[in-house]
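Order of the sequence lines fixes the chain letters, A, B, ..., with proteins taken first and strands second; residue numbering starts at 1 for each chain.
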Number of protein chains: 2
Amino acid sequence: MTDAPEIFIDISTAIMCVAGDDLLCRMVEPQDDANNHRPRLPFGPFMPDQHRTMEIGLRHWVREQVGVDLGHVEQLYTFADQGRQRDFEAPDTHTVSVGYLALANQTARGSGGGASLWRNIYSFFPWEDWRDGRPACLDESIIPALDTWLTAAPEAQERVRLAFGRDRDQWDEEFVLERYEILYEAGLTEESYLEGRNPEPLYQGIPGTSLQLDHRRILATALGRLRGKFKYRPVIFDLMAPQFTLTQLQKTAEAILGVRLHKQNFRRMVEKSNFLDSTGKMEKSRGRPAELFRFRHGDRADRPLSGLRVSSSRPRRG
Amino acid sequence: MTDAPEIFIDISTAIMCVAGDDLLCRMVEPQDDANNHRPRLPFGPFMPDQHRTMEIGLRHWVREQVGVDLGHVEQLYTFADQGRQRDFEAPDTHTVSVGYLALANQTARGSGGGASLWRNIYSFFPWEDWRDGRPACLDESIIPALDTWLTAAPEAQERVRLAFGRDRDQWDEEFVLERYEILYEAGLTEESYLEGRNPEPLYQGIPGTSLQLDHRRILATALGRLRGKFKYRPVIFDLMAPQFTLTQLQKTAEAILGVRLHKQNFRRMVEKSNFLDSTGKMEKSRGRPAELFRFRHGDRADRPLSGLRVSSSRPRRG
DNA sequence: GTATTTATACTCAATTTGAGCATAATTATA
DNA sequence: TATAATTATGCTCAAATTGAGTATAAATAC
């Protein structure tokens, strides 16, 4: 077993942050040196002799490449399939990719080395943002393209139906990865085209910026995980500034879920959850000033670690 | 960078199955060749030249070592910390361990090569089974031992409180891994003793069979994941025979959660969820015969993929 | 000082949950 | 053969939660 390919591990991190209405992800922009004009996540090899754990390794690469202070950090998934992140210069090598999700708040946004940028997450997944109603790109390009693909791959019918729903209400916001994987397999992403999965650049009608290597896949995993997790663990507070108003909290929840929430009910839920301590202070901006709250940490909350069981608002018109 | 340690990947699988009241996990028993008398999970190296994906690799090792037909398969976590699964014979090597959860039903239990056995999962985590009330071992050995440890490591106080709760009702059944990790760090597992974390065999008062390598850690991850997941995805049906009664379904849910459920409410919930099709048939055993149901697959269910939002029964006596 | 904006309070019906009582259809046993 | 024990299923009912408002308060903008 001497000529088995040597294994390398890449650690890539999706760092999320919120600003106003936007859920942002920290990218490393391409240096425009011809080869690779797509942005990427901060990433680097896992070096067991220098990093006792992968999380230590990840913090090293993040510090070096984007200099952001991380709050909550969690491992997402390990992708090992051949060909999704192959290094063509080292064919006798197999690189496995471990994706992480990290959360930061605005105060920790840092600026750090090199060209880098916070990008709205929905610029990579326009079809995931339903805050202003059903995204137009679904009916304009994605669904028609998938229908075409399904005539060639009818066995995928059920999977597509589950991921993209049939009519309204059938959309499960957590299936971010499933949807991205389907688009990838259907050849509707630039990634699949560049990796030679299909001869035609079918992706060109579909909006959404593509990323290097398998980073958009990792990012899809991150968004899906975040959407699921914040419903049952209070991770949302890692995205908030130390003090915040209920509206800011709600905007953050909406940005994560890609969905509009009912204001009064959100407030009621959050108050009952006992997560918040009120600072006496007020924030004034436009209309009536809003009270500033802060997160009440572990020891005093009664439901130790549940999340925000949000209920979305479906303004009645149909 | 020529003398960086070479990386290997182990794939280990926790295969779960249900029989009656018991949640079982498929072990490979030790061949009793002195070195290792502890059981282990089926596992083997990931060989990228032979297995296009890790899941293919896992199925290969499972087939070879225990011959079980797998239903649902899902990746759990990738553990990479030094020293938790070190191979002392190859010091210039670093092995990363990827854990998987797989579900099987009784009809798929197979027998396959070598000495192997289904073992009750709570034999490894006796403190996780609350079906007959609070496990005695908690107050008899675990909590006192943790208290002793906390005097030496007071910074862990908050973590311990969160994982083990203070009084009743504070126990979050999903924190299986967190609890195991605390016991490991506190030196209260045979694994930590054998890995040289502490000179005294403190674990000897604590019940629970230990496993080889980091397999009990993977198993803890598996149980925690299963407990969480079946609440929002219908994975429980992968553990059921093709036809089953509501009581059997409830027993399975109880075995997973390690908690007793309220029968009538469980029935009501499961009927409303629309997951079941009634076969006309009945199963008779002791009392009144029970109707046999089967799982209604995807296309016809109205809530496509929610899980069983169980409500536990707390018989009032306090 | 009136319109606009935003925050917060309160209401109310519909639904869901938690707990238990009642009844039905069997097998085990006196 | 009657009666007890056992298991399944049906139904009730109050409490709590949810979904969708209306109403009012406290600012700024014009």
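Residues satisfying the side chain to side chain donor-acceptor pair (under 3.5 Å) test with A/Glu173, not counting sequence neighbours, are A/Lys231. Residues passing the side chain to side chain donor-acceptor pair (under 3.5 Å) test with B/Arg286, sequence neighbours excluded: none. Under the side-chain contact (heavy atoms from CB on, under 4.5 Å) criterion, A/Thr279 pairs with A/Gln243, A/Lys281, A/Leu292, A/Arg294, sequence neighbours left out. Every residue two or more places apart in sequence or in another chain was checked for a side chain to side chain donor-acceptor pair (under 3.5 Å) with B/Arg267, and none qualifies.
Between C/dT16, C/dT8, D/dT17, one nucleotide has an atom nearer to the side chain of A/Lys263 than all others, and that is C/dT8. If you check D/dT9, D/dG10, C/dG18 against the side chain of B/Arg268, the one that comes closest is C/dG18. Picking from D/dA8, D/dC11, C/dA19 the nucleotide with the shortest atom distance to the side chain of B/Ala290 gives D/dA8. Nearest to the side chain of B/Gln264, among D/dG19, C/dC10, D/dG10, sits D/dG10.
For the pair A/Lys272 NZ and D/dA16 C1', the computed distance is 8 Å after rounding to whole Å. The nearest whole Å value for the distance from the CZ atom in B/Phe266 to the C1' atom in D/dT9 is 14 Å. Rounded to an integer number of Å, the gap from CZ of B/Phe293 to P of D/dA8 is 11 Å. With rounding to whole Å, B/Phe244 atom CZ is found 14 Å from D/dA8 atom P. Atom pair B/Glu283:CD and C/dT27:P shows a separation of 13 Å (rounding to whole Å applied). Nucleotide D/dA23 holds its P atom 19 Å from the CZ atom of A/Arg267, rounded to whole Å. When rounded to the nearest whole Å, the span between CE of B/Met282 and P of D/dT9 equals 7 Å. Taking atom NE2 on B/His262 and atom P on C/dT16, their separation rounds to 18 Å, with Å as the unit.
A salt bridge between A/Glu178 and A/Arg159 is absent, with no side-chain N of the basic residue lying under 4.0 Å from a carboxylate O of the acidic one.
Across all strands shown, B/Thr247 has heavy atoms under 4.0 Å from sugar-phosphate atoms exclusively, and none from any base. As judged by a 4.0 angstrom heavy-atom cut-off over every strand, B/Glu291 is placed among residues touching the sugar-phosphate backbone only.
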Protein-nucleotides 27-30 of chain D N/O pairs under 3.5 Å:
residue : atom : partner  : partner atom : Å
D/dT28  : O4'  : A/Arg286 : O            : 2.8

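In this structure, the side chain of B/Asp22 does not engage the main chain of B/Leu24 through any donor-acceptor pair within 3.5 Å.
The stretch residues 121-130 of chain A participates, sequence neighbours left out, in these salt bridge (charged side-chain N to carboxylate O under 4.0 Å, His left out) pairs: A/Glu128-A/Arg179, A/Glu128-A/Arg227, A/Asp129-A/Arg131.
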